[in-house]
Amino acid sequence: MPDDQTAIPDHSGRHSQQDCCIVGGGPAGMVLALLLVRQGVRVTVLEAHEDFDRKFRGDTIHPSVLEIFDQIGLSDALLQLQHSKIYGPTLRAANTSFNPFDFRRLKTKFPFIMLVPQSKFLDFLSREAGKYEEFDLRFSSKVESLIEENGTICGVRYMGRDGEHEVRAPLLIGADGRFSTVRERARLVPTKTSPAMDILWFELPHLPEDIASDRVLGGFGMGRVLAVFDRFDHWQVGYVFPKGTYQQVRSEGLESLRNSIAVIEPRFTKHVASLTDWHQLSLLSVESSFCPKWYLPGLLLIGDAAHVMSPIGGVGINYAIQDAVAAANLLGEHLKTQNTALKDLASVQQRRQFPTKLIQWFQTAMQKRVLTAALGSTTPTTIPLFVRLLFAIPIVQDLPAKLLAFGFRREHVRNIGHSTKVVTAAASSAGRH
Ligand SMILES: Cc1cc2nc3c(=O)[nH]c(=O)nc-3n(C[C@H](O)[C@H](O)[C@H](O)COP(=O)(O)OP(=O)(O)OC[C@H]3O[C@@H](n4cnc5c(N)ncnc54)[C@H](O)[C@@H]3O)c2cc1C
């Protein structure tokens with residue numbers, strides 16, 4: 001670790017004296033920043049985009065994440081954001097529907113998934129972290145290279161609105177998502193698996209006769225799977241089809257797409273008329289990966305940068321945030337005293353890799369047993385009777401509910417830090433550079 005922690009001028013003319021630089025203002029980076037500044041750690045977050053606004057990002061806040069915000073006294077404020085609640089899935093096949101489980105059976109203060117646009121969630125985190133003078137968020141700051149001295153990564157160079165800048169810090173966190181530049185520049189290579197599906201995301205309008213739904217609707221049939229979320233003023237739809245067949249889906253035409261949606265979920269027969277142009281649909285090439293090593297001297301990867309999760313179960317945000325909590329717990333004190341050792345970085349991976357591998361194993365098993373069969377079937381598919389009977393047993397119902405709600409290891413915030421806000425002129429300008 002570099003021992004010179006005196007103020008280091010950056011090229012913007014401001015003086016930077018960070019304990020930690022986080023690349024990526026997604027859920028992992030922003031939650032870690034919030035937890036660290038509450039502990040008095042000076043953090044700079046570099047975010048490539050000019051704001052948090054993105055279309056078609058994960059919008060699910062799981063019960064385990066709501067518990068984390070409860071631990072730091074922010075759950076009430078978070079739940080003030082306009083949101084909808086999901087109490088479980090409803091599966092629909094061949095005109096029958098089935099509710100396999102309900103989160104309300106779980107012992108938790110928050111027995112639901114909170115659905116909130118990710119941009120609103122990130123804005124909330126930025127507002128909360130911005131109440132601490134230790135927080136420095138820089139939008140339009142795209143990291144391009146790492147600064148390495150004597151075998152230790154000690155900063156980054158990034159392209160800002162007015163040219164190239166650099167930030168130096170004793171610890172760099174790569175929280176820059178699935179296409180992580182930090183990971184790539186550090187030559188940490190993930191092992192990739194390619195789940196046998198791709199997804200088209202799009203919106204369908206709410207019609208006056210629609211009945212609000214507090215369940216995620218999962219429909220399957222004719223070799224396609226639908227996942228539908230009620231988003232107040234529209235329905236958000238994921239249309240799943242076998243990997244590598246996007247060109248075929250397109251060549252079959254929009255009429256065929258509209259028909260297959262209406263066959264799986266007849267309630268959307270009228271809604272699909274709104275799909276008139278392929279530009280309304282956004283293709284997500286599904287992948288899943290795991291980085292064998294998440295750290296190097298001066299660097300730690302968390303969230304999607306360390307492991308991209310398959311969309312099954314929608315656990316990517318939850319796992320990214322659990323990494324952030326583990327990192328804040330295990331590194332906060334070391335960062336304040338600037339004595340973070342390699343073994344401290346390794347301890348974060350040790351804590352999080354087992355639950356991550358386990359959920360990825362579970363997702364692969366679900367893909368092979370359930371999804372591949374559903375995508376391979378071109379005839380109407382029914383939900384087998386034994387599955388319905390199995391899920392009538394309460395203990396069987398609760399297992400997938402617990403897994404989705406909490407993951408395999410629930411992190412608890414060990415150092416909740418200062419809840420007293422230290423608002424200063426510097427803090428109030430944080431995030432507006
Ligand atoms: C279409 C879609 C739907 C999804 N739906 C769900 C869902 O319903 N539930 C769920 O749990 N998960 C979902 N996911 C996955 C989920 O969004 C991710 O797992 C989660 O956002 C990971 O958080 P993260 O902070 O690690 O990375 P990200 O959210 O990817 O954040 C990384 C950030 O780093 C920034 N960045 C990237 N490169 C640089 C750079 N060079 N310099 C500076 N900044 C950089 C990016 O702009 C971004 O803001 C979905 C993903 C997609 C693509």
Is it true that the NZ or CZ of [X] lies under 6.0 Å from the centre of [Y]'s six-membered ring and within 45 degrees of the ring axis?
| X | Y | value |
| --- | --- | --- |
| Arg410 | Phe406 | yes |
| Lys85 | Phe112 | yes |
| Lys293 | Tyr295 | yes |

Checklist entry - Under 6.0 Å from the NZ atom of Lys120, do we count more than 12 heavy atoms belonging to anything else shown? => result no
Checklist entry - Are there more than 12 heavy atoms of other residues, nucleotides or ligands under 6.0 Å from atom CD of Glu50? => result no
So does [Y] get a backbone contact from the side chain of [X], meaning a donor-acceptor N/O pair under 3.5 Å?
| X | Y | answer |
| --- | --- | --- |
| Gln280 | Asp277 | yes |
| Arg38 | Ile416 | yes |
| Arg104 | Pro111 | no |
| Glu47 | Gly25 | yes |
| Gln322 | Glu411 | yes |
| Arg258 | Leu275 | yes |
| His62 | Val315 | no |
| Asn99 | Phe101 | no |
| Asp198 | Gly244 | yes |

Checklist entry - Is there a side chain to side chain donor-acceptor pair (under 3.5 Å) between Ser260 and Arg224 once you walk through the steps? => result CA-CA 8 Å; Ser260 73; Arg224 302 284 185 264; 5.0 Å; no
Checklist outcome for this item: From the list Asp344, Val41, Val43, side-chain contact (heavy atoms from CB on, under 4.5 Å) partner of Leu335 resolves to Val41
Item to check | side-chain contact (heavy atoms from CB on, under 4.5 Å) assessment of Leu66 paired with Phe69 | outcome: CA-CA 5 Å; Leu66 288 164; Phe69 281 90; 5.6 Å; no
Checklist entry - Is the Phe103-Phe110 ring centre distance short of 6.0 angstrom? => result no
Checklist entry - For Val308 and Ser288, what are the C-alpha separation, side-chain angles and deciding distance, and is it a side-chain contact (heavy atoms from CB on, under 4.5 Å)? => result CA-CA 5 Å; Val308 178; Ser288 159; 5.7 Å; no
Next on the checklist: Run the salt bridge (Lys or Arg N to Asp or Glu O under 4.0 Å) test on Asp136 and Arg42 for me, step by step, so that the C-alpha distance in whole Å, both residues' side-chain angles and the decisive distance to 0.1 Å come before the verdict.
Outcome noted: CA-CA 8 Å; Asp136 167 29; Arg42 292 163 300 188; over 6 Å; no
Item to check | Donor + acceptor pair across side chains of Gln248, Glu252 (<3.5 Å) | outcome: yes
Next on the checklist: Please enumerate all residues that pass salt bridge (charged side-chain N to carboxylate O under 4.0 Å, His left out) together with Asp123, with sequence neighbours excluded.
Outcome noted: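 None.
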Next on the checklist: Between Trp235 and Phe229, is the ring pair (Phe, Tyr, Trp, His ring centres under 6.0 Å) condition met? List the steps.
Outcome noted: CA-CA 6 Å; Trp235 301 92; Phe229 301 89; over 10 Å; no
Straight-line distance of [X] [atom1] to [Y] [atom2], nearest 0.5 Å:
| X | Y | atom1 | atom2 | value |
| --- | --- | --- | --- | --- |
| His206 | Phe232 | NE2 | CZ | 9.5 Å |
| Ser347 | His334 | OG | NE2 | 7.0 Å |
| Arg215 | Ile86 | CZ | CD1 | 9.0 Å |
| Ser310 | Gln360 | OG | CD | 8.5 Å |
| Leu46 | Ser141 | CG | OG | 5.5 Å |

Next on the checklist: Under the ring pair (Phe, Tyr, Trp, His ring centres under 6.0 Å) definition, can you give me all pairs with a residue in residues 301-329, not counting sequence neighbours?
Outcome noted: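 Output for this query lists Trp294-His307.
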Checklist entry - Would Ile147 and Ile153 satisfy side-chain contact (heavy atoms from CB on, under 4.5 Å), going step by step from the backbone distance to the final call? => result CA-CA 6 Å; Ile147 303 170; Ile153 290 156; over 6 Å; no
Next on the checklist: Quick one, Arg267 with Asp210, criterion salt bridge (Lys or Arg N to Asp or Glu O under 4.0 Å). Give me CA distance, side-chain angles, the key distance, then yes/no.
Outcome noted: CA-CA 9 Å; Arg267 77 160 83 177; Asp210 285 348; over 6 Å; no
